[in-house]
**Student:** 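This structure is in structure tokens; I'll ask about it shortly.
Just so it is clear, the values below take in all heavy atoms, side chains as well, and ignore hydrogens, waters and symmetry mates. Numbering starts at 1 and runs along the sequence shown. Small disclaimer: the values here were computed from a predicted structure and weren't measured.
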Amino acid sequence: MSCAAGGPDEAPPRARVSELEAELTCRLTSFLEARLQRAVSAVTAHLDSSLERRVRESHDGLAERLEDVVAAHVDRACGTVARDAQDAASKAARAIEGVIAAASAASPSNGTGAAAAAAEAAARRAAEASVAPLRARVEALHEAAS
């Protein structure tokens, strides 16, 4: 619909009223369309910002939850390693005490000679054997973290 108006004396009065009504309708339609477009743009912008905010909040919440889960797993792993280390240390101490007791029973009274060297070597082997599972566990944790 065109909004062009004719000259003031081109049409009879009744036709002129009809043209003015058409011109007014055209202008009102254009005005309302522009207002509607601005309103739709404002609503779209508001929805976009609201959606962005919700996505950001959800992301932050997920990141915090992930941090909590990872921290719990790390704490659990550290507790396991500490328990394993304590078990290995107590096993090593018991093994060393047993080897020393056996060596002192078998060695001469002055503590020199082959029996003392054998006891010392046996004590080292026992300590290594009891610590080996702990080392393997620590290496496995390092590999899993990589």
Side-chain angles (χ1 to χ4, degrees), residues 1-107 111 115-146:
M1 177 183 231
S2 173
C3 294
D9 295 329
E10 293 181 7
R14 194 172 278 262
R16 178 73 179 140
V17 168
S18 182
E19 285 178 19
L20 289 175
E21 284 178 352
E23 177 67 23
L24 183 59
T25 302
C26 183
R27 285 185 182 181
L28 280 172
T29 301
S30 296
F31 175 75
L32 291 175
E33 283 177 352
R35 294 277 311 248
L36 179 62
Q37 183 61 36
R38 284 193 301 267
V40 167
S41 294
V43 168
T44 302
H46 178 72
L47 287 175
D48 283 346
S49 67
S50 177
L51 183 63
E52 275 183 40
R53 187 182 71 248
R54 287 191 180 208
V55 166
R56 192 176 328 119
E57 289 171 355
S58 295
H59 176 269
D60 292 346
L62 287 173
E64 288 174 4
R65 177 68 180 136
L66 183 61
E67 288 173 359
D68 292 345
V69 168
V70 168
H73 282 293
V74 168
D75 287 344
R76 192 174 311 123
C78 287
T80 301
V81 168
R83 257 192 330 275
D84 290 347
Q86 195 172 27
D87 290 345
S90 64
K91 286 178 186 177
R94 283 193 304 267
I96 290 170
E97 288 171 0
V99 168
I100 290 173
S104 64
S107 71
E120 188 177 321
R124 280 194 214 114
R125 282 193 307 272
E128 277 297 317
S130 62
V131 174
L134 176 62
R135 284 189 182 144
R137 176 72 174 146
V138 168
E139 288 174 9
L141 287 173
H142 283 304
E143 289 175 12
S146 307

**Student:** Taking the side chain as C-beta and beyond, is there a heavy-atom pair between Val17 and Arg14 under 4.5 Å?
**Tutor:**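 Val17 vs Arg14: side chains apart.
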**Student:** Enumerate the salt bridge (Lys or Arg N to Asp or Glu O under 4.0 Å) contacts for residues 50-73, please, sequence neighbours excluded, ordered by first and then second residue.
**Tutor:** Arg53-Glu57
**Student:** Using side-chain heavy atoms (C-beta onward) and a distance below 4.5 Å, is Glu23 in contact with Glu19?
**Tutor:** no
**Student:** Just verifying a value: how many Å separate Leu28 CG and Glu21 CD, rounded to the nearest 0.5 Å?
**Tutor:** 11.5 Å
**Student:** Test Thr44 against Val40 for side-chain contact (heavy atoms from CB on, under 4.5 Å), laying out the working first.
**Tutor:** CA-CA 6 Å; Thr44 302; Val40 167; 4.0 Å; yes
